There are 4 protein chains.
Amino acid sequence: MSDRILRLQHVEIRVPDLELCTAYYTEVLGLVETARDVRDGVDRVFLKCWDEHEHHSVVLRQAPTYGLDHMAFKVAEAGDLDYFTDKLQAVSVPVKRYAARELGPGWGEAIRFETPSGHLVELVHGMERLGNMLPMTNPPPRPQDLVGIAPPRLDHVFVMAEDVEAFSAFFIDVLEFRLTEQIVANDGHQLAAFLERSHTPHDIAVITGPNGALHHFAFWMDDWNGIRDAADTLAYHGVTIDVAPTRHGVTRGYTTYFFDPVGNRNELFTGGYWVDPDFEPITWTEEEMGRAIFYYHRQVNERFFTVHS
Amino acid sequence: MSDRILRLQHVEIRVPDLELCTAYYTEVLGLVETARDVRDGVDRVFLKCWDEHEHHSVVLRQAPTYGLDHMAFKVAEAGDLDYFTDKLQAVSVPVKRYAARELGPGWGEAIRFETPSGHLVELVHGMERLGNMLPMTNPPPRPQDLVGIAPPRLDHVFVMAEDVEAFSAFFIDVLEFRLTEQIVANDGHQLAAFLERSHTPHDIAVITGPNGALHHFAFWMDDWNGIRDAADTLAYHGVTIDVAPTRHGVTRGYTTYFFDPVGNRNELFTGGYWVDPDFEPITWTEEEMGRAIFYYHRQVNERFFTVHS
Amino acid sequence: MSDRILRLQHVEIRVPDLELCTAYYTEVLGLVETARDVRDGVDRVFLKCWDEHEHHSVVLRQAPTYGLDHMAFKVAEAGDLDYFTDKLQAVSVPVKRYAARELGPGWGEAIRFETPSGHLVELVHGMERLGNMLPMTNPPPRPQDLVGIAPPRLDHVFVMAEDVEAFSAFFIDVLEFRLTEQIVANDGHQLAAFLERSHTPHDIAVITGPNGALHHFAFWMDDWNGIRDAADTLAYHGVTIDVAPTRHGVTRGYTTYFFDPVGNRNELFTGGYWVDPDFEPITWTEEEMGRAIFYYHRQVNERFFTVHS
Amino acid sequence: MSDRILRLQHVEIRVPDLELCTAYYTEVLGLVETARDVRDGVDRVFLKCWDEHEHHSVVLRQAPTYGLDHMAFKVAEAGDLDYFTDKLQAVSVPVKRYAARELGPGWGEAIRFETPSGHLVELVHGMERLGNMLPMTNPPPRPQDLVGIAPPRLDHVFVMAEDVEAFSAFFIDVLEFRLTEQIVANDGHQLAAFLERSHTPHDIAVITGPNGALHHFAFWMDDWNGIRDAADTLAYHGVTIDVAPTRHGVTRGYTTYFFDPVGNRNELFTGGYWVDPDFEPITWTEEEMGRAIFYYHRQVNERFFTVHS
């Protein structure tokens, strides 16, 4: 018996300026650097949030352009890699297998494959455990020496695909994700889909756009006050805030969007609700898409659809 | 493949004054009454929280004394009832099986058995789904006509047992719960254990005390401000507040404790952290038990250990 | 010895649809209706916030167009009306005096005059006291039966003037307000001014625009969570939200803007800081006007400058 | 025309261990050290909160025992010192006058006198202005490099007196404070009184106890979340928390109490309401004293009445 896919494990992000981005992600966002590595001539910096126990949740990868290299989901057991390899091969999706540490420091055993939308996806098991930054005995609720925003953990990733329905079908049928919410066009086709494994409104979401694109990745914050304090920190450091603290209709979550120094969109997210496996999906109509995305403004700024990586 | 036990489904609570308690749970706590039933001469009132989709999460049962009749956990699939029946019988625990609606209105198919501590536990599947109080299309984040405190859902149950270690061993070995935190005496034996299935710090917890006793059951609140507003509502209605809003060391959660009109302890809870199945349990020492339970005061009022139901 | 002007007492607002606006201000915003009156053929509805003690803080006045009829400030003593009459006449501003109840039900003794920008201003003393909605002995912190947003009190008014400097000079020299913050153009002239009597960042503010115009009036909220909950209520009722919850640079305050059913802009405001009479004013430069007004977005939507009443 | 007494300016506190207390007040509480001074053989450390503009609001004074040396209130104009000297001498209270800087670095011109309860009170004007920690042009809402709790300002002082009525009569009649709330015994005499000049529920309060005693002094926090975060910081540093975050009935404020390293009680306070000079005082009865002080628990721990300095 296995839980199969548990949650989003990490994103690997392309950044043209590795040092600038490392400074931003550690000093402003407040992640912790856990390793640096050069492999096949590519420099990478490994980061984790303070309350995560494993080696990394964000990998910065030196590259000519910004965007998403790949996203990885944690599976509960090593045997799940075989299980999904079989399922993927049964639908003719090529799968590559990697031994522990083969993909980088602290890395677990993994498989990789492409979605119909051309996104590179990894399933991983057995990441090196570094512990969160608290003692195992009589821990305080939070380290006192955190810097910057310091979200406790990575939350979800949001990508774009030309064919949203094919994307969600792949995640549902093959990877056993569950649909929580969707935005549906007047002609009935899916404009956006929100999919989960962790009993939250989304571990991954997808909206209509260019194949392979990243819309944003999001970190969890503990509450609406934390989102506001974070916006103060972003403003203080001159970070470009895309969308100031507000609320989503979809997920009911609280949010703020902003850009890292090279143009990757980040989100801070909190709220949501508990999702049982038998959760009946919520549908948003095309007319209410504005409200679905930004519940208070009821309209979406143009950047939301046109700026991605 | 099944997730097995997903979360706490409901508690059935004994109350000597059914009408008074119904008024309290609906008007002050703000649950929704979904049914009334008389079965075997026993009056019961069925309640749910607004954001729960199933028929009930709290059942009030007319009885001469207060306390816990039983607690029920939701399983992901009907086959899980067979699976756990086998596991229970393998360790010589008698299991009774009930058809859907046999145990009451809206009730699912269920099995029942006793823990070593004499608590009656139910696993249930296929509860009647009533929906939360929002539309399935373009829903607002929250109904506007809620009354009282109106927590979105039940969170966990906290019981007492003479042999805490036997209790947690039973939940871990047979029911496949996972230990997140424990309080350990200087002589090494477990004084309290916190156990989860829902990737949160606890779905059930147990502390040293009389077998079969209920310490409290808890509802989820969205944030620390909600806990405070709830305390205002409790104070306004003259509810006896046991512990005003504060923080736990264990679970890192925010809390307030209070008593229903017949003496069952309720809690409002928020916070906590994400728990992977490979989470390494946290240990609190006997010296730090005060801090473990009430992080700010560092000491536990006597009522906490001596008043239960 | 007198404190002279204490704070904003009320605004009288023109509304083409009195019943619709009364419904909005009582059911959505959650003010309390205290009186209705017809005088000189004009229908008016009198409203107060729950924690205000006096007869009214918002008066709705049936009129063909929306906008501000007048604003009134409370003075500490009846003699202050004479004091300011003398000061106004000394600078050749005509003053009209009104006996108690002459201007409407519950009204105090008052003087009225025009600012250089053509705004009608009233100073008032001896309003009828209705009490807030709590008992004078052992009161709870808040009534439990409030509806809608229910801000505790009116906070400030924000108007427009062609000549901001003349406006602030009049308020400072004649009415003894104090400048807390200003936005100054590159050529050195004042684009906006924030003026206080109540030791808060502003009781009245003015920005460049048409003489006599109202930009908005604002109610106090207790915290950032209250602002969010209010935005949920506004969205639920289909109120047009102009600016979702965000932060000002000027005043450091938290805010959300929205429109009443006929187009008068309302604000909910909280935060700010304590202002001593010897407070040294803060200056914002023209380049940073965006940040001054909306600290996170750093730019002001066009509506902010062009839509007023 | 003068506002006379504006607010609490500072407290001077006796501390047997000056270095330990300086470390606590700067590193845990997060005040800023502005000066050190030896005068008449007594070492003193001068501290201010970050958002205060003047030289100091807390003075630590090396002394054999802990407790209150004196409290000082800010007056609006130098002439107010003469005004109150006359009023004090008219009721036969001896007054001492001090030139600027005579009492210490940054100090203003001042008068000092004793209350009937034997508390030393100072009125002061013309303190040296250091500015808050933000620029005068385009300031961010808050410095980013604050340490510890970092409340923005001192709020009020709470003392004890054998004769509460004589104490409040002195503050009302001579110093022109206004009564906002009182706790009254069944026999009609005042057990506690809350007095203001700053339009808030209290600048000073007094409760029955030994003459000359200090119960606590309080710093302002911006909201209930700030109080909670502060409690985390206190707990982390092992500070003795007297009362965890809760709510007062009197003042409606949110609070947490704790002790400095030598036993002086500190409070963090937020909330309250606006007070006009014509505010009608609220009365709490002896039976409801518990609720008046701790609204949720309805009872006062014994320490509250017996531990003071």
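The sequence lines fix the lettering, A, B, ..., with proteins before strands; numbering per chain opens at 1. Here the structure is a predicted model, which is why all the values come from computation and not from measurement.
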A.B. asks: Do His297(B) side-chain atoms and Ala244(D) backbone N/O form a donor-acceptor pair below 3.5 Å?
C.D. replies: yes

A.B. asks: Keeping the roles fixed (side chain from Arg298(B), backbone from Ala235(D)), state whether a donor-acceptor pair exists under 3.5 Å.
C.D. replies: yes

A.B. asks: Decide if atom CD of Glu33(B) counts as having more than 12 heavy atoms of other residues, nucleotides or ligands within a radius under 6.0 Å.
C.D. replies: yes

A.B. asks: Tell me yes or no: between the side chains of Asp232(B) and Tyr295(D), is some donor less than 3.5 Å from an acceptor?
C.D. replies: no

A.B. asks: Please determine, among Thr240(D), Asp242(D), Asp223(D), Ile241(D), the option with the most heavy-atom pairs under 4.5 Å with chain B.
C.D. replies: Ile241(D)

A.B. asks: Are Leu234(D) and Tyr296(B) close enough, and set up right, to give a side chain to side chain contact (heavy atoms under 4.5 Å, CB included), and what steps lead you there?
C.D. replies: CA-CA 8 Å; Leu234(D) 294 170; Tyr296(B) 300 140; over 6 Å; no

A.B. asks: By a 4.5 Å heavy-atom criterion (distance strictly below it), what part of Arg247(B) contacts chain D: side chain, backbone, both, or neither?
C.D. replies: side chain

A.B. asks: Is chain D contacted by the side chain of Tyr254(B), its backbone, both, or neither, given a heavy-atom distance below 4.5 Å?
C.D. replies: side chain

